[in-house]
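What follows is a set of notes on a single structure, which appears directly below.
As a basis for the values below, the full set of heavy atoms in this structure was taken, side chains included, without hydrogen atoms, waters or symmetry mates. None of these values were measured; they are calculated from a predicted model.
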There are 2 protein chains.
Amino acid sequence: MISKDILLEAEAVLKEYKRGEQLFKEGDTPRYYYQVYSGEIKMNNHNDDGKEYIQGIFDSGKSFGEPPLFADFKYPANAEAITDARIWLLPKDKFLKVLEKNPLIHHKFTSTLALRLYYKAMMVSEISTQEPEHRILRILDYFKKNNQNTTTASSLYKIELTRQQLADLTGLRVETVIRAVKKLEQKGELLIKDRKIYR
Amino acid sequence: MISKDILLEAEAVLKEYKRGEQLFKEGDTPRYYYQVYSGEIKMNNHNDDGKEYIQGIFDSGKSFGEPPLFADFKYPANAEAITDARIWLLPKDKFLKVLEKNPLIHHKFTSTLALRLYYKAMMVSEISTQEPEHRILRILDYFKKNNQNTTTASSLYKIELTRQQLADLTGLRVETVIRAVKKLEQKGELLIKDRKIYR
DNA sequence: TTCAGTTTATGACCTTGATCATAAAGAAAA
DNA sequence: TTTTCTTTATGATCAAGGTCATAAACTGAA
């Protein structure tokens with residue numbers, strides 16, 4: 001995340017996207033650094049018959065799509081607005097200059113990449129070896145740990161994801177997620193209130 | 001990858017490991033930067049009933065296990081010697097100092113992380129949405145692209161992986177890989193000579 | 001307050017890749 | 001040059017999760 005003043009100084013612009021609009025697609029050449037000002041963005045892939053895999057969901061303050069700026073490759077996934085959103089766009093060369101001038105910011109990005117790698121290593125291992133309930137608990141715990149408002153000291157965390165999103169994040173089908181979530185509720189591993197999942 | 005003279009200057013030591021020996025395991029606190037001098041190392045996870053997932057295989061010149069040094073988390077996977085190996089070990093703090101003093105090296109690592117993220121994004125999407133033959137071709141092409149000796153201009157690349165390793169990299173079973181590989185040979189997508197796969 | 005769209009829910013059936021068993025070919029070690 | 005271990009191979013069976021169909025609950029816009 002780059003602070004507003006540095007973004008402005010580097011001449012970043014705030015662009016609006018409508019719900020469902022695509023920011024870039026798999027295979028595109030990366031030209032900008034993207035940082036969410038408001039709204040939610042997802043990065044995803046589709047296989048030939050349309051099945052979706054969600055690589056990540058990014059909200060206020062989060063950046064996305066930087067990796068190819070560091071290593072010079074095409075986008076491996078699409079970016080799409082989940083809700084109406086406003087996004088900071090900073091051209092690639094200006095972004096790299098900001099990093100050069102600010103070693104601390106550079107270090108922050110390296111650390112962000114490391115954390116994303118952790119998430120992906122976890123997910124790919126879960127998806128390739130674990131069964132539905134295990135996968136779901138894992139991702140719920142991950143979201144809880146990383147999005148838990150530290151002020152909200154409640155031990156119960158509300159999952160702000162639909163069953164479909166949960167499915168597309170874990171490589172499962174909606175029906176499977178629905179059934180697994182119910183099973184997990186019976187086992188006391190989570191709570192369902194007003195159709196929302198709490199963990 | 002850090003050059004030999006910088007490694008020596010930072011007082012890195014060369015440690016020997018026997019085939020099958022473990023360098024560190026999931027959950028351990030990271031203390032060193034690791035770089036392969038000779039031999040091969042794999043990073044992997046096991047689920048409760050022993051099924052393995054291989055996160056990556058690293059040979060001469062490659063480093064591994066750095067992400068947790070940048071963002072301060074425990075190892076998400078084990079590291080194990082596939083063959084007898086000699087590995088450079090550099091204590092975490094000395095490694096970070098090397099990066100501070102050498103922005104170019106720091107940038108190189110950021111770029112390495114970005115590339116690994118690309119690999120993982122590709123694999124997790126493949127594993128969660130694509131069928132066996134597709135997954136296998138994808139990883140074969142990835143290895144071909146990234147390990148192809150540029151001098152060996154031959155368009156045929158020899159895969160130096162067993163069917164079992166291919167299975168553990170793609171979340172499949174050996175039998176499935178064997179059958180899929182044969183199917184792919186029939187379709188002319190690859191070649192089998194002396195049990196080795198060429199693509 | 002009706003209507004369209006989204007999300008959750010549930011049952012029946014099916015398909016793919018896992019599992020299990022067994023064996024042969026190669027490679028490595030004794 | 002046997003013996004042991006690893007790797008590849010192949011058939012039979014099974015089960016988990018996908019697929020399909022249908023519907024109810026909820027949301028939000030007209």
Side-chain angles (χ1 to χ4, degrees), chain A residues 18-20 40 42 46-54 80-84 126-137 140 158-186 190-198, chain B residues 18-20 40 42 46-54 80-84 126-137 140 158-186 190-198:
Chain A
K18 287 280 161 211
R19 174 178 205 271
E40 276 190 330
K42 70 176 170 186
H46 294 279
N47 76 354
D48 308 325
D49 36 60
K51 188 179 178 195
E52 178 177 2
Y53 175 75
I54 299 180
E80 183 185 320
I82 300 183
T83 65
D84 290 356
E126 282 287 319
I127 290 175
S128 65
T129 68
Q130 306 285 9
E131 39 198 49
E133 294 183 25
H134 196 281
R135 295 190 208 179
I136 292 172
L137 279 187
L140 294 185
K158 183 181 185 183
I159 311 295
E160 298 286 7
L161 295 167
T162 65
R163 309 287 194 276
Q164 183 64 61
Q165 288 174 330
L166 226 32
D168 294 340
L169 283 162
T170 53
L172 298 166
R173 290 301 188 167
V174 215
E175 298 94 325
T176 305
V177 170
I178 289 169
R179 289 186 246 254
V181 162
K182 295 220 141 176
K183 205 79 165 281
L184 287 168
E185 189 197 23
Q186 283 164 27
L190 51 78
L191 215 102
I192 304 179
K193 214 171 64 183
D194 286 333
R195 321 163 96 210
K196 284 289 168 203
I197 299 166
Y198 294 80
Chain B
K18 287 279 160 211
R19 174 177 205 272
E40 276 191 330
K42 70 176 170 187
H46 294 279
N47 76 354
D48 307 326
D49 37 60
K51 187 177 179 196
E52 178 177 1
Y53 175 75
I54 299 181
E80 184 186 319
I82 298 182
T83 65
D84 291 356
E126 282 289 318
I127 290 175
S128 65
T129 68
Q130 304 286 10
E131 39 197 49
E133 294 183 25
H134 196 282
R135 294 192 210 179
I136 291 173
L137 280 189
L140 295 185
K158 183 182 184 182
I159 310 294
E160 298 286 6
L161 295 168
T162 64
R163 309 289 194 273
Q164 183 64 62
Q165 288 174 331
L166 227 31
D168 294 339
L169 283 161
T170 53
L172 297 166
R173 291 301 190 167
V174 215
E175 297 93 326
T176 305
V177 169
I178 290 170
R179 289 186 247 253
V181 163
K182 294 220 144 178
K183 205 81 166 281
L184 286 167
E185 190 197 21
Q186 283 164 27
L190 50 81
L191 214 102
I192 304 179
K193 212 172 65 183
D194 286 332
R195 320 163 96 212
K196 284 289 169 202
I197 300 166
Y198 294 79

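- Shown here is A:Lys196, whose NZ atom has more than 12 heavy atoms of other residues, nucleotides or ligands within 6.0 Å.
- Here C:dT8 is the nucleotide among C:dT8, D:dT8, D:dT19 with the atom lying nearest to any side-chain atom of A:Val174.
- Here the nucleotide nearest the side chain of B:Arg163, chosen from D:dT8, D:dG17, C:dT8, is D:dT8.
- Formation of a donor-acceptor pair under 3.5 Å by the B:Lys51 side chain with backbone atoms of B:Arg173 is not found in this model.
- In this structure B:Glu185 satisfies the side chain to side chain contact (heavy atoms under 4.5 Å, CB included) test together with B:Leu190, B:Ile192, sequence neighbours excluded.
- When the C1' atom of D:dT7 is taken as reference, atom CD1 of B:Ile197 falls 12 Å away, rounded to whole Å.
- Salt bridge annotation for B:Lys18-B:Asp84: present, with a cationic side-chain nitrogen under 4.0 angstrom from a carboxylate oxygen.
- At most 12 heavy atoms of other shown residues, nucleotides or ligands fall within 6.0 angstrom of atom CD in B:Glu131.
- When the side-chain nitrogen and oxygen atoms of A:Thr176 are compared with OP1 and OP2 of D:dG18, one or more of them lie within a distance under 4.0 Å.
- For C:dT7, the base has a donor-acceptor partner in the side chain of A:Arg195 [N/O atoms by modelled type, under 3.5 angstrom].
- We find that CG of A:Leu166 is positioned 13 Å from C1' of C:dT8, with the value rounded to whole Å.
- One atom, CZ of A:Arg19, and another, P of D:dG28, lie 10 Å apart when rounded to the nearest Å.
- Proximity of residues 177-185 of chain A to DNA chain C (heavy atom under 4.0 angstrom from any strand atom) is restricted to A:Ile178, A:Arg179, A:Lys182.
- Atom pair A:Glu133:CD and D:dA16:C1' shows a separation of 12 Å (rounding to whole Å applied).
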